[in-house]
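Worksheet: one structure, shown below.
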2 protein chains.
Amino acid sequence: MYTIGKLSKKTGVTVRTLDYYDEIGLLQPQSTTEGGHRLYGEVEVFRLEQILSLKFLGFSLDKIQCILQEPSNSWEDAFGEQLIMVQEQKKHIEELEQSLRTILYTIQIEKEINWELVFGIMQLFQKKNNKIDTILNQYMSEEEKEKILSVNMDEDKMEIWVELINEIKENLHAAPESEIAQKLADRWIEGVVDMFGEDKEFLDHAWNAINEESDGVMFYPMTKDVVNFINEAMLIKEKRGGIKSETRS
Amino acid sequence: MYTIGKLSKKTGVTVRTLDYYDEIGLLQPQSTTEGGHRLYGEVEVFRLEQILSLKFLGFSLDKIQCILQEPSNSWEDAFGEQLIMVQEQKKHIEELEQSLRTILYTIQIEKEINWELVFGIMQLFQKKNNKIDTILNQYMSEEEKEKILSVNMDEDKMEIWVELINEIKENLHAAPESEIAQKLADRWIEGVVDMFGEDKEFLDHAWNAINEESDGVMFYPMTKDVVNFINEAMLIKEKRGGIKSETRS
DNA sequence: CTTGAATCAAACGTTACGTGCTGTTTTATA
DNA sequence: TATAAAACAGCACGTAACGTTTGATTCAAG
């Protein structure tokens with residue numbers, strides 16, 4: 001027999017919580033003393049552990065009460081539904097993460113927040129039909145889409161890109177044939193190859209997609225001006241010969 | 001100038017929500033009519049869109065109020081912190097998903113819920129030091145650990161395992177050299193190769209880990225009896241010669 | 001000027017408890 | 001066994017972000 005305080009210490013839940021569970025009828029004491037103090041037995045300890053487990057797994061107290069009352073028929077249903085709910089939450093959280101990353105890197109590039117971008121991201125996720133898919137489908141095969149979507153840059157790589165794009169933005173006025181423009185284009189190529197390898201066809205498709213949609217929010221922060229700058233520097237590079245890149249079909 | 005109803009229709013948020021935002025001072029009308037009806041201007045529309053975006057990104061109304069008041073100094077900090085929070089949530093949700101999956105499959109195998117397993121999973125996650133890591137370290141290299149942790153079975157594959165383990169449990173009495181035992185062992189091998197390939201060293205390490213820890217909850221539902229059954233069937237297979245598997249060192 | 005629609009203010013409900021508060025019961029010590 | 005200290009019961013308010021309801025007031029159209 002445990003008093004409410006002993007049970008609290010044994011299981012690590014607060015007295016108030018046990019109080020609350022008693023109040024809503026989720027976990028009631030086996031008996032009480034003459035004075036009205038609550039006493040819990042082993043059965044209640046086991047039930048409490050069940051409750052805590054189900055709570056950890058994300059069930060509401062309401063749901064817990066329901067499924068602990070039922071004679072054990074629909075465990076599979078309950079857990080199946082819960083798994084689906086959790087999967088949906090996970091998907092949503094991954095979208096959040098992606099959005100936050102994009103915005104964060106943009107802040108680092110532009111030194112201030114870009115509300116147009118933020119609003120754009122919102123729209124991207126509020127449209128039911130996945131706009132990203134639609135656009136990518138115009139330029140790439142299924143495998144290529146997989147490849148571009150599965151890229152996840154780590155902090156270090158992203159920092160390199162942020163720095164590069166920052167420098168490009170500072171030098172947009174530079175002539176395509178200038179040394180600085182050529183060096184920036186070299187670094188761009190280096191970064192692209194590092195991310196996607198040297199698959200020329202894939203790179204061309206990706207480049208086309210970026211070129212056509214770079215005013216939108218999808219490929220942020222590769223904006224039109226940045227893409228144009230690199231594009232022209234690349235053309236010069238080709239004319240001078242020797243470089244394999246073949247942007248623009 | 002929008003009345004509260006027009007603004008509601010324009011932006012899709014309910015009147016009550018705008019009411020609430022006014023109440024807590026998050027979004028207040030530009031002016032009011034003589035009768036006390038609220039009027040919102042374009043500035044307020046923009047601010048509302050900011051609010052909705054930040055809310056979508058997971059900020060609390062409190063935080064939103066703070067960061068919209070500040071003169072724009074610490075956007076980077078705010079989004080950085082938010083990203084970290086979201087990443088923690090994601091990690092937690094992935095643990096949930098894994099737990100739910102394990103329990104769900106176990107329900108399907110045992111036709112009822114196994115509370116010892118559930119409690120075991122709780123303990124596994126409540127211990128601060130990751131017990132999984134400790135155990136795997138005893139048997140496997142870093143790369144091998146990566147390999148075994150990165151396995152994610154889809155519904156179909158899991159169903160095959162569930163079925164196989166169910167059949168094994170039904171036939172635990174069968175002699176290791178019986179035809180049925182041998183066939184089950186064959187299917188086991190087939191499944192393992194499908195998941196991890198034929199890397200013999202890796203399979204041996206994994207088999208050792210499972211053998212030593214199969215009374216715990218880690219490799220559920222590969223319990224001791226199931227593992228022993230397969231183990232003995234394998235030994236027979238070896239004696240009869242020809243099969244490459246070399247379980248037990 | 002009269003409707004009917006829109007709006008306002010206020011209050012209570014939601015989840016899963018935390019944080020007090022007062023008054024009573026139990027336990028430990030003298 | 002008396003008394004102090006600890007534990008306990010029970011109540012009530014607070015949290016976040018609104019939903020829901022009610023009744024009174026104001027606006028816009030005819």
Side-chain angles (χ1 to χ4, degrees), chain A residues 1-41 44 47-68 82 85-86 89 92 96, chain B residues 1-41 44 47-68 82 85-86 89 92 96:
Chain A
M1 284 300 177
Y2 303 92
T3 66
I4 200 167
K6 305 289 176 191
L7 184 58
S8 165
K9 268 175 199 159
K10 182 181 170 69
T11 59
V13 307
T14 65
V15 173
R16 174 65 178 113
T17 298
L18 294 171
D19 198 16
Y20 181 63
Y21 290 171
D22 183 14
E23 195 182 316
I24 63 173
L26 181 58
L27 179 73
Q28 277 166 341
Q30 195 199 46
S31 57
T32 59
T33 67
E34 305 163 21
H37 285 196
R38 290 166 278 204
L39 295 173
Y40 297 86
E44 284 72 34
R47 184 175 168 98
L48 179 54
E49 277 170 358
Q50 292 181 337
I51 292 168
L52 294 179
S53 298
L54 293 174
K55 194 154 78 75
F56 173 86
L57 292 171
F59 291 92
S60 71
L61 298 189
D62 236 23
K63 220 20 242 225
I64 294 175
Q65 201 151 13
C66 289
I67 61 186
L68 283 182
Q82 188 64 22
M85 271 191 47
V86 167
Q89 284 180 37
H92 180 233
L96 277 196
Chain B
M1 285 300 179
Y2 303 91
T3 67
I4 200 167
K6 304 291 175 191
L7 184 59
S8 164
K9 268 175 199 156
K10 181 181 170 69
T11 60
V13 306
T14 66
V15 172
R16 174 65 179 112
T17 298
L18 294 172
D19 197 16
Y20 180 62
Y21 290 171
D22 182 15
E23 197 181 317
I24 64 173
L26 180 58
L27 180 73
Q28 277 166 340
Q30 197 199 45
S31 57
T32 60
T33 67
E34 306 162 23
H37 287 197
R38 289 165 280 206
L39 295 174
Y40 298 86
E44 284 73 32
R47 185 177 168 96
L48 178 54
E49 276 170 359
Q50 292 181 340
I51 292 168
L52 295 178
S53 298
L54 293 173
K55 194 154 79 74
F56 174 86
L57 292 170
F59 291 92
S60 71
L61 299 189
D62 238 22
K63 250 273 143 50
I64 293 175
Q65 201 152 14
C66 288
I67 60 187
L68 284 183
Q82 187 64 22
M85 273 192 46
V86 166
Q89 283 181 38
H92 182 233
L96 277 196

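Atoms considered below: every heavy atom in the structure, side chains included; atoms not considered: hydrogens, waters and symmetry mates. In what follows, every chain begins at residue 1, and chains take the letters A, B, ... in the order their sequences are listed.
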Practice problem: Test A/Arg38 against A/Asp22 for side chain to side chain contact (heavy atoms under 4.5 Å, CB included), laying out the working first. | Solution: CA-CA 10 Å; A/Arg38 290 166 278 204; A/Asp22 183 14; 2.8 Å; yes
Quiz prompt | Separation of atom CD1 in B/Ile4 from atom P in C/dA6, rounded to whole Å | solution = 14 Å
Can you name the atoms? Protein N/O to nucleotides 26-30 of chain D N/O, anything below 3.5 Å, with the distance.
| unit_1 | atom_1 | unit_2 | atom_2 | d |
| --- | --- | --- | --- | --- |
| D/dC27 | OP1 | B/Thr33 | OG1 | 3.0 |
| D/dC27 | OP1 | B/Gly35 | N | 3.1 |

Exercise. Keeping the roles fixed (side chain from A/Glu23, backbone from A/Leu18), state whether a donor-acceptor pair exists under 3.5 Å.
Key: no
Under 3.5 Å, which N/O atoms of the protein pair with N/O atoms of nucleotides 17-21 of chain D?
| unit_1 | atom_1 | unit_2 | atom_2 | d |
| --- | --- | --- | --- | --- |
| D/dA17 | OP1 | B/Leu61 | N | 3.2 |
| D/dC18 | OP2 | B/Tyr21 | OH | 2.8 |
| D/dG19 | OP2 | B/Thr14 | OG1 | 2.9 |
| D/dG19 | N7 | B/Arg16 | NE | 3.2 |
| D/dG19 | O6 | B/Arg16 | NH2 | 3.3 |
| D/dT20 | O4 | B/Arg16 | NE | 3.3 |

Practice problem: Nearest whole angstrom, please: distance from the P of C/dA6 to the OH of B/Tyr2. | Solution: 18 Å
Quiz prompt | Partners meeting ring pair (Phe, Tyr, Trp, His ring centres under 6.0 Å) with A/Phe59 (sequence neighbours left out) | solution = A/Phe79
Practice problem: List the steps and the verdict of side chain to side chain contact (heavy atoms under 4.5 Å, CB included) for A/Arg47 and A/Leu68. | Solution: CA-CA 9 Å; A/Arg47 184 175 168 98; A/Leu68 283 182; 4.0 Å; yes
Practice problem: Quick one: do B/His37 and B/Ile4 satisfy side chain to side chain contact (heavy atoms under 4.5 Å, CB included)? Show the steps, please. | Solution: CA-CA 8 Å; B/His37 287 197; B/Ile4 200 167; over 6 Å; no
Quiz item: Is any side-chain nitrogen or oxygen of A/Arg38 closer than 4.0 Å to OP1 or OP2 of D/dC8?
Solution: no
Quiz item: A/Thr14: what forms a side chain to side chain donor-acceptor pair (under 3.5 Å) with it, not counting sequence neighbours?
Solution: A/Thr17
Self-check item: Value in whole Å for how far the C1' atom of C/dA16 lies from NZ of A/Lys63
Solution: 17 Å
Quiz item: What heavy-atom pair brings A/Val15 and A/Gly5 nearest, and what distance separates the two atoms?
Solution: CG2-CA, 4.4 Å
Exercise. Report the end-to-end axis angle of the helix from C/dC1-D/dG30 to C/dA30-D/dT1; each axis comes from five terminal pairs, and the value is rounded to 10°.
Key: 20°
Quiz item: A/Glu23 CD to C/dC17 C1': how many Å, rounded?
Solution: 10 Å
Quiz item: Just how far, in rounded Å, is P of C/dT7 from CG of B/Asp22?
Solution: 14 Å
Quiz item: At their closest point, which heavy atom of B/Gln28 faces which heavy atom of B/Tyr40, and how far apart are they?
Solution: C-CE2, 4.0 Å
Practice problem: Tell me, with the steps shown, if B/Gln50 and B/Ser53 meet side chain to side chain contact (heavy atoms under 4.5 Å, CB included). | Solution: CA-CA 5 Å; B/Gln50 292 181 340; B/Ser53 298; 5.8 Å; no
Quiz prompt | Atom of B/Glu44, atom of B/Leu27 and distance for their closest heavy-atom approach | solution = O-CD1, 3.6 Å
Quiz item: In whole angstroms, how far is the C1' atom of C/dC17 from the CG atom of A/Asp19?
Solution: 10 Å
Exercise. Starting from P on D/dG10, measure out to CD on A/Gln28 and report it in whole angstrom.
Key: 12 Å
Practice problem: Send over the distance from A/Leu39 CG to D/dA7 P, rounded to a whole Å. | Solution: 16 Å
Quiz item: How would you list, by chain and number, every residue that makes a ring pair (Phe, Tyr, Trp, His ring centres under 6.0 Å) with B/Tyr21, sequence neighbours excluded?
Solution: none
